[in-house]
*Asks:* 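Here's a structure for you.
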Amino acid sequence: MINSNKFDHILYTDASKNENSVSCSVTTLHNTIAKHLLPSHCSVHTGELYGILTAVNTITNTNKTVAICTDSLSSIHSINNIYTQNPLAQNIQETCHALASQNISVSILWVPSHVGIIGNERADQAAKEALNSDLTVKEVQLYKDLKNTLKQITTNKWQNLWNQSNTKLQSIQPTINVNNLPPMNRRDKIKIRRLRIGHTRATHGYVMESGNPTLCEHCNCQLSVKHFLSECPQYNVARQRHNITGDTKEDLNPSSNLNNIINYLKDIKLYSYI
Ligand SMILES: [Zn+2]
């Protein structure tokens, strides 16, 4: 609980995010003081910091001890970091410094969210309302937010191109995701990645050696990742033993147990040829 005797003014800030927007708010226990809708590329961290900056900017010299309550620990860390590169955090530091020179002390306090602190819940509510408003702030252009947006746009474009491509690799890894493997040792990760793009030493080694395509020694057909993972009848028993479904997309999916595939490859003695 915040000791209200210690402060003559207490402000609450919060940020909110949905699929399309980020917003923030500043309230007292009883009133909403400000709410803003931020550009859609902003992160929720930016929203939280923008809320705190808005709060410090409302402080006048009628108050001498002000508390700003936020549920965002990461914002407090940014503001406490004297070397922060975040322009919003720098702006908050400068404003607090200027207020201190007028004998106004500002304390930024962390309050956990959703534990029934009334001011906090008011701020949360106001930020959510702002999501559906047209109170857009245009000048918040943070390098990091823009970088993330660019990354997202690039990934979407790449994904679209990938969806339209008609390669066998596309059927093995339908989703572009640069780093989507669970924790496993580096060697196994390399094998899984090779299986997913469909290029392995066993199936494509002949290209480097300018030889003929490698054939499955049991079926005499051209050896492919799909063949030894799901088709070759010679490995039916091994597939069952290691819970390989035969649906390559499914078996190589990051959410399934990829150790099954690794153990299967070792069992059929192909591990070192991947
Ligand atoms: Zn075969």
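These numbers come from the heavy atoms of this one structure, side chains and all, not from hydrogens, waters or symmetry mates. Whatever order the structure lists ligands and atoms in, that order sets their numbers, starting from 1.
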*Asks:* Please give me the minimum heavy-atom distance between His242 and Tyr264, naming the atom from each residue.
*Replies:* CD2-CA, 3.7 Å
*Asks:* Between Thr200 and Arg194 (side chain of the first, backbone of the second, donor and acceptor by atom type, cut-off under 3.5 Å), is there such a pair?
*Replies:* no
*Asks:* List in chain and number order the residues that pass side chain to side chain donor-acceptor pair (under 3.5 Å) with Asn185, two or more places apart in sequence or in another chain; answer none if no residue qualifies.
*Replies:* Asp188
*Asks:* Leaving waters out, which protein N, O or S atoms fall under 2.8 Å from the Zn ion (ligand 1)?
*Replies:* Cys216 SG, Cys219 SG, His227 NE2, Cys232 SG
*Asks:* Taking Leu252's backbone N and O only, do any of them form a donor-acceptor pair with Arg196's side chain (distance below 3.5 Å, no angle check)?
*Replies:* yes
*Asks:* Spell out, as yes or no, whether a donor-acceptor pair under 3.5 Å connects the side chain of Gln234 to the backbone of Phe228.
*Replies:* no
*Asks:* Any side-chain to backbone donor/acceptor pair from Thr95 onto Asn91? Under 3.5 Å, distance only.
*Replies:* yes
